[in-house]
Amino acid sequence: MREEDLEIAIKVVIVGNGAVGKSSMIQRYCRGTFTREYKKTIGVDFLERQIQYEGEDVRLMLWDTAGQEEFDAITKAYYRGAQACVLAFSSTDRGSFEAIHSWKVKVEDECGDIPTVLVQNKIDLVDQCVIDSKEAELLSRALGAKLIKTSVKEDINVNAVFWYLAAQCIAELRQEEEEEYTISGNGLHPLTISAFGPSPIHHHRYNNSTIVLQPGKSRHRKKKNILRNICRT
């Protein structure tokens, strides 16, 4: 088992009102496609994409959730275990902008304080924009979340959204490894299963080719169980 075989898997939830472009965003990011036809998400949808970040193999698991209240009972269950969040609103929909605070609360209730990005979509529709730039910036500061303005249709800044979240998650993972899982004296990687004695992590075999490792400790109000899959060569 080599350290370079480690893969980081990050669960990202995309939340916001209906018709703001959540499904189109993950379709654009994962498949490179865009459709003008709006189709309401029923419950949740899921796509994933593999990327390389600073030499790390990263698998982004993107969970697209319905924006209608009637699906709340279904979608809230899928927030659990998320390591990052996209809060999305539309430049052309005032209601979606005003609902962002409530969406953030819903995610925090299930996940605690996780890396989050605020996304203003449909910036290509300049003539229909009902959100002032200063308002968006103030909301960003109030939430403590970076604001990224996107056009899924024109493929503007879509990659930047998920690249930013991957960077934040990996930075936090490295910090936690240094703080909580340093194994002194034997030169082992913090997430290595060791023959020297009990490991400070729990490990679970999900199938014949992958072992998923989860930290044995977590910070208060934070579920930062970013998964480390050790894949056999």
Side-chain angles (χ1 to χ4, degrees), residues 6-68 71 74-91 96 100 103 107 110-111 114-125 145-173 206-207 209-210 212 225-229 231:
L6 294 172
E7 177 193 66
I8 298 173
I10 302 172
K11 178 179 178 179
V12 183
V13 289
I14 296 90
V15 303
N17 282 11
V20 300
K22 301 186 302 295
S23 298
S24 297
M25 184 180 301
I26 68 168
Q27 290 281 344
R28 170 67 83 182
Y29 183 67
C30 295
R31 296 176 176 170
T33 60
F34 174 77
T35 177
R36 288 181 172 83
E37 181 182 351
Y38 172 64
K39 184 178 179 181
K40 180 168 66 173
T41 300
I42 307 297
V44 297
D45 198 3
F46 169 82
L47 286 174
E48 64 179 47
R49 177 173 167 177
Q50 299 277 154
I51 65 170
Q52 277 265 332
Y53 179 82
E54 293 186 351
E56 299 271 15
D57 291 319
V58 180
R59 180 159 54 99
L60 293 171
M61 303 176 293
L62 309 181
W63 292 84
D64 169 30
T65 61
Q68 290 75 23
F71 297 117
I74 300 173
T75 57
K76 282 179 68 176
Y78 288 92
Y79 297 164
R80 296 168 196 154
Q83 288 93 29
C85 174
V86 175
L87 297 170
F89 69 94
S90 169
S91 298
S96 70
I100 287 294
W103 284 111
V107 174
E110 300 297 329
C111 307
I114 58 177
T116 300
V117 63
L118 177 65
V119 171
Q120 179 179 349
N121 190 34
K122 304 186 183 182
I123 60 170
D124 54 293
L125 301 177
K146 181 180 178 65
L147 172 65
I148 299 180
K149 298 182 179 183
T150 68
S151 168
V152 173
K153 178 183 176 183
E154 303 296 334
D155 197 12
I156 298 172
N157 286 338
V158 175
N159 283 355
V161 171
F162 299 103
W163 188 263
Y164 172 79
L165 288 176
Q168 294 295 302
C169 287
I170 291 171
E172 290 199 0
L173 175 62
Y206 282 168
N207 53 49
S209 62
T210 303
V212 177
N225 57 335
I226 298 178
L227 307 179
R228 284 262 184 177
N229 300 331
C231 304

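Along the sequence shown, the residues carry numbers beginning at 1. These figures come from a predicted structure and were not determined experimentally. No hydrogens, no waters, no symmetry mates; every other heavy atom, side chains included, goes into these values.
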Trp103 and Asn17: side chain to side chain donor-acceptor pair (under 3.5 Å), yes or no, with the steps? CA-CA 9 Å; Trp103 284 111; Asn17 282 11; 2.8 Å; yes

What's the verdict on side chain to side chain donor-acceptor pair (under 3.5 Å) for Thr150 and Asn121, showing C-alpha distance, side-chain angles and the deciding distance? CA-CA 5 Å; Thr150 68; Asn121 190 34; 2.9 Å; yes

Mind listing the closest non-hydrogen atom pair of Leu47 and Cys30 along with its distance? CB-SG, 3.8 Å

Would a 4.5 Å heavy-atom cut-off, applied to side chains only, mark Ile114 and Gln83 as touching? no

Could you tell me which residues satisfy ring pair (Phe, Tyr, Trp, His ring centres under 6.0 Å) with Tyr29, sequence neighbours excluded, listed by chain and number? Phe162

In Å and rounded to the nearest 0.5 Å, what is the CG to CD distance from Asp64 to Gln27? 8.5 Å

With sequence neighbours left out, what residues match Tyr53 under ring pair (Phe, Tyr, Trp, His ring centres under 6.0 Å)? Trp163

Can you see which heavy atom on Tyr79 is nearest to which on Val13, and at what distance? CA-CG1, 4.1 Å

Could you measure the distance from the CD atom of Gln120 to the CD1 atom of Ile148? Nearest 0.5 Å is fine. 12.0 Å

Working to the nearest 0.5 Å, report the span between CD1 of Ile26 and CZ of Arg49. 12.5 Å

Go through the steps for Val15 and Cys85 under the test side-chain contact (heavy atoms from CB on, under 4.5 Å), then give the verdict. CA-CA 8 Å; Val15 303; Cys85 174; 4.0 Å; yes

Check whether any side-chain heavy atom of Leu60 sits under 4.5 Å from a side-chain heavy atom of Val58, and report yes or no. yes

What is the minimum heavy-atom distance between Ala9 and Met61, and which atoms define it? CB-CE, 4.0 Å

NZ of Lys149 to CG of Leu147: how many Å apart, nearest 0.5 Å? 6.0 Å

Please round to the nearest 0.5 Å and tell me the distance separating atom CG of Asp124 and atom NZ of Lys122. 9.0 Å

Nearest heavy-atom contact between Tyr78 and Lys11 is O-NZ, 2.7 Å

Could you check Phe34 against Val152 for side-chain contact (heavy atoms from CB on, under 4.5 Å), going step by step and ending with a plain yes or no? CA-CA 7 Å; Phe34 174 77; Val152 173; 3.8 Å; yes

For Ile156, which residues count as a side chain to side chain contact (heavy atoms under 4.5 Å, CB included) partner, sequence neighbours excluded? Ile123, Ser151, Glu154

Can you name the closest pair of heavy atoms from Gln50 and Arg59 and give their distance? OE1-CD, 2.9 Å

Give, for atom OG of Ser96 and atom CG of Leu87, the distance between the pair rounded to the nearest 0.5 Å. 11.5 Å

Indicate yes or no: at least one non-hydrogen side-chain atom of Ile10 is less than 4.5 angstrom from one of Leu165. no

Is a donor on one side and an acceptor on the other found under 3.5 Å between the side chain of Lys22 and the backbone of Gly16? yes

Heavy atoms of Val117 and Lys146 approach each other most closely as CG2-O, 3.3 Å

Side-chain heavy atoms of Arg28 within contact of Asp155, under 4.5 Å: yes

